[in-house]
Amino acid sequence: MSHKVFRYGGDFAEIRIARAQGSYIFDHAGRAILDFTSGQMSGILGHGHPEIVAVVNHMAANLDHLHSGFISDPVVTFADDLTAMLPDSLERVLPLSTGGEANEAALRMAKTVTGGFEVVAFDRSWHGMTGGASAATFSGGRRGHGPTLPGVLTLPTPHAYRSPFNKSGDYDWRAEFEYGWEIIDRQSTGQMAAVIVEPILSSGGIIELPEGYLAALRDKTHARGMLLILDEAQTGMGRTGDHFAFERDGVVPDILNLSKTLGAGLPLSATITSAAVEQDCYDKGFLFYTTHAADPLPAAVGAKVVEIVIRDQLASRARELGDYLKAQLADLQQRHAIIGDVRGRGLLLGVELVTDRQTKAPASDLGMAVSQRCLELGACLNIGRRASAGVFRIAPPLTVSRDEIDSAMAIFDQALGECGTV
Ligand SMILES: Cc1ncc(COP(=O)(O)O)c(C=O)c1O
């Protein structure tokens, strides 16, 4: 190895990145590479957005970090502005740093309020690497480190393209859903606390919940006295064409988690819930005291992200550009037999490669080759691993231009053509 960095997720890419600007990252030779994963699915405003740079500079010089017992104006403003974007019942904000951390907080809130401990999650989920979040993560990372938290039960992911309930092409997600709950109810010890789900599973392979699913899930959840936690790490802040993905379904969660896109690439997350849940947690001595809870610098960044997303109408932009990009992907699907499925909405799109459209045999090695070729040609188009092996997750910044989309798609087309003889 040419460096001393611990390999926390398999191999690193061979190139080293020297700087980043807008929709591009640059290597040390100055070669521009289109960043169609928005960093780690986070940088919705592109790299180095001047208004974010100004906020970071100002806050670093004037009000960076505080004892966690203080709150400051930027934190109050952030909570006000964020909740103003949300339905009335989501009115208390716990500002944190990462997605995993926000999920820990949400799960602890649900356990505190319900007195239960069981958690239901999808069998292709990703909620983070910390204890409770990783116990509820089923798309990878489960082996080799001993037991996870007890009481986590899985619900089958409604994966239209691969579900055994879609044998005839007429996907009966309701039958799958009822079957899943029957099994959960049989396994449960009767102390259920929460259901935690992503409205579009990203690490699981860009899997959208069918329309009506979230409402049915809310009803099952509430019928069992549990809280519904929506993890909108990747789908929040305009990415899917709405400010939040749950808006499409008109289902308001009991707890909403935002991260990744909330800080537009800087470490900021939030767990948002009702005044009643907050009061109940407070009365029961709830503790989630972390070093960076309610830090002013990231909160000021979050308030600026909220301002820009609303002012620049980035959700509508994501919808419009997402339609434009998806049409190009559909065209590629017509011309490349190795594309089995195109899915997702807004600027969170998935392209699943297969070695055979009939059998839908996954094409993970081929996907790695296409991804590598794209990188050589100047576009970072990330291929999933583990549960989403063979699935490209395409998520450029919401500030991306049509020209940049065209360039990335020309590169993808070329790479698919060169690698795609199966
Ligand atoms: C939906 C979702 N939730 C939570 C997380 C974990 O966030 P973090 O890595 O910031 O802890 C991720 C990370 O990929 C995610 O995709």
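In what follows, every heavy atom counts, from backbone to side chain, and hydrogens, waters and symmetry copies are set aside. Numbers here are sequence positions counted from 1. Start at 1 and go down the list; that is how both ligands and their atoms are numbered.
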Nearest-option assignment for atom 3 (N) of ligand 1, heavy atoms, candidates Leu96, Asp231, Ile196: Asp231
Going by the atom numbers of ligand 1, which of them fall below 4.0 Å from some non-hydrogen atom of [X]?
X	answer
Gln234	14 (O), 16 (O)
Ala233	1 (C), 2 (C), 3 (N), 15 (C)
Thr98	10 (O), 11 (O)
Glu198	1 (C)

Please state which part of [X] comes within less than 4.0 Å of ligand 1, counting heavy atoms only: side chain, backbone, both or neither.
X	result
Gln40	neither
Lys260	side chain
Thr130	neither

For the [atom1] atom of [X] and the [atom2] atom of [Y], what is their distance to the nearest 0.5 Å?
X	Y	atom1	atom2	answer
Leu96	Leu258	CG	CG	11.5 Å
Thr271	Leu90	OG1	CG	11.5 Å
Arg92	Ser274	CZ	OG	8.5 Å
Arg19	Ile25	CZ	CD1	11.5 Å
Leu266	Leu297	CG	CG	8.0 Å
Leu209	Asp249	CG	CG	7.0 Å

Students should be able to answer this: which protein heavy-atom is nearest to [atom], and at what distance?
atom	value
atom 8 (P) of ligand 1	Gly99 N, 3.5 Å
atom 2 (C) of ligand 1	Trp126 O, 3.2 Å
atom 11 (O) of ligand 1	Gly100 N, 2.7 Å

Side chains of Thr37 and Asp35, donor plus acceptor under 3.5 Å: yes
Salt bridge flag under 4.0 Å for residues Arg186 and Glu182: yes
